[in-house]
Amino acid sequence: MFRSLGVFNYRIWFAGALVSNVGTWMQRTAQDWIVLTDLTDHDAAAVGVTMALQFAPQLLLVPVSGLIADRVDRRRMLLLTQSAMGLLALGLGILTVTGTATLLIVYGFALALGIVSALDAPARQTFVGELVPDTHLANAVALNSASFNGARLIGPAVAGLLTAAVGAGWVFMINTATFAAVVGATLLLRRGELRPATRAARERGQIRAGFRYVRGRPDILVIFAMVFLVGTFGMNYPIFASTMAVEFGGDAGEFGMLSSIIAIGSVTGALIAARRERPRLRIVVAAAGGFGLATATAALMPGLWSYAAVLVAVGFCSLTMMTSANAYVQTTTSPVMRGRVMALYMAIFVGGTPVGAPLVGWIANLAGPRWSMGVGALSGVLAAGIAVAWMMRAHGLRLRYDPDARLRLSWRYRGDGRDRELATQEIAVVEAAAQRG
């Protein structure tokens, strides 16, 4: 499960990123809370707009952000982007502490952070491949997800307490300090032990080449469709947690607690994914369906603690899906194309937020937070349905009965003229029931 931590460079990077991730979750929680309660009168749509501004650049800059990641020294790129994000956190903190922050100012900082993050994301995602050997790549991707969501256990809860005690401005200031950890870790890496990726040549048509590569990979296109649906309509956790906290009569403390509880399941899902030798498409499909069912169940819970308990399953399914999807795309993509493909992946993952977050926030305002979670549940069910339909059409997915009292779910790959077995999953059936026919 933790084999990548045996690599010195990855161990240093992991430690620095963990500290920075805690600060990132603290800032996200405090930012969403002040938009909901201080700068507006519990306007969930305003929270959605803030999220949209922060994530829209991922979609708009995808033609260039991935190409930059394939061309430049990713280590230097990360030093620049992480430092810039630290300065933005400092600026927002000063304005908030001095009482001069307004809703428009928060919108502006969210947009600026989104632009820098759009350049940072593909470089950060693919930099993992320079820290560990190829045999450890899927494990390192999963551990990165565990780090990010492990920080979610700590960050929102601390942010909720600090916001209630000293105000959101100081939370932003603390986040500034946490960026020093990841910058310091990047400087401490042993450059001689890095595994520099093959850089894309400087020639015309490289952006189109990235799109052509993805278009020729139907399995990746299916994963992109699933990630888009769940990322756009299902993973709007700040809206769900903040509005449900208000629904149950809570304050910033309950909001932070709910955000952290989601992470319990998320960390578990990421760590279990780290145990697998390689990611599988069927795990992505099953987790998407599980996410839909868990979210629907959470929306029906009558009280705060029953709702919080089901959130563990929501977090588990969502991170199992996203971690497995991320690792599948990275490990099956040509290294020279990896930056451009991961830029597309991140754009699809968060680029739908400008549409989904305001829509889900509007539904929460109009019909209540439970109905907004219903939209999230539907996204998971649809994502799983799309993948199953493709597997049935393209790979002959069938459920058949064998005389040995077992049901066998099998699918075959017919790509490139071949007809080879990719996966067979056996589902045991009670023998007595089988004997009854």
Working to the nearest 0.5 angstrom, can you tell me the gap between [X] [atom1] and [Y] [atom2]?
| X | Y | atom1 | atom2 | value |
| --- | --- | --- | --- | --- |
| T243 | I363 | OG1 | CD1 | 11.5 Å |
| L143 | R11 | CG | CZ | 13.0 Å |
| Q31 | F109 | CD | CZ | 10.5 Å |
| L194 | D73 | CG | CG | 8.5 Å |
| N139 | L5 | CG | CG | 7.5 Å |
| T50 | L111 | OG1 | CG | 11.0 Å |

- Determine the sole option in L90, L92, I94 for which the side chain to side chain contact (heavy atoms under 4.5 Å, CB included) test with T176 is passed.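 So, applying the side chain to side chain contact (heavy atoms under 4.5 Å, CB included) to T176 and each of L90, L92, I94, only L90 qualifies.
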- Message: Which residue is it: T96, L162, V166? I am looking for the one with a side chain to side chain contact (heavy atoms under 4.5 Å, CB included) to V171.
- Response: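 Exactly one pass, corresponding to L162.
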- Show your working on side chain to side chain contact (heavy atoms under 4.5 Å, CB included) between V7 and L131 and close with a plain yes or no. CA-CA 8 Å; V7 179; L131 300 174; 5.8 Å; no
- Task: Might you work through the side chain to side chain contact (heavy atoms under 4.5 Å, CB included) test for M77 and R124, ending with a clear yes or no?
- Result: CA-CA 9 Å; M77 181 75 175; R124 179 166 37 83; over 6 Å; no
- Item | Distance-only side-chain donor-acceptor flag, N144 / Y10, under 3.5 Å |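 Yes.
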- Just checking, any donor-acceptor pair under 3.5 angstrom between side chains of N326 and T323?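 No.
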- Task: Begin with the C-alpha distance, continue with both residues' side-chain angles, and end with the deciding distance and a verdict on side chain to side chain contact (heavy atoms under 4.5 Å, CB included) for R217 and F224.
- Result: CA-CA 11 Å; R217 290 285 306 275; F224 279 7; over 6 Å; no
- Query: Within a radius of less than 6.0 Å around CZ of R76, do more than 12 heavy atoms belonging to other residues, nucleotides or ligands occur?
  - Reply: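 Counting other residues, nucleotides and ligands, CZ of R76 stays at 12 neighbours or fewer.
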- Message: Here's one to test your reading of the geometry: is the NZ or CZ of R75 within 45 degrees of the ring axis of F127 and under 6.0 Å from its centre?
- Response: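 Geometry flag: not set, cation outside 6.0 Å or 45°.
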- Task: Dump the intermediate steps for side chain to side chain contact (heavy atoms under 4.5 Å, CB included) on D43 and L36, then the final yes or no.
- Result: CA-CA 6 Å; D43 187 352; L36 184 70; 5.6 Å; no
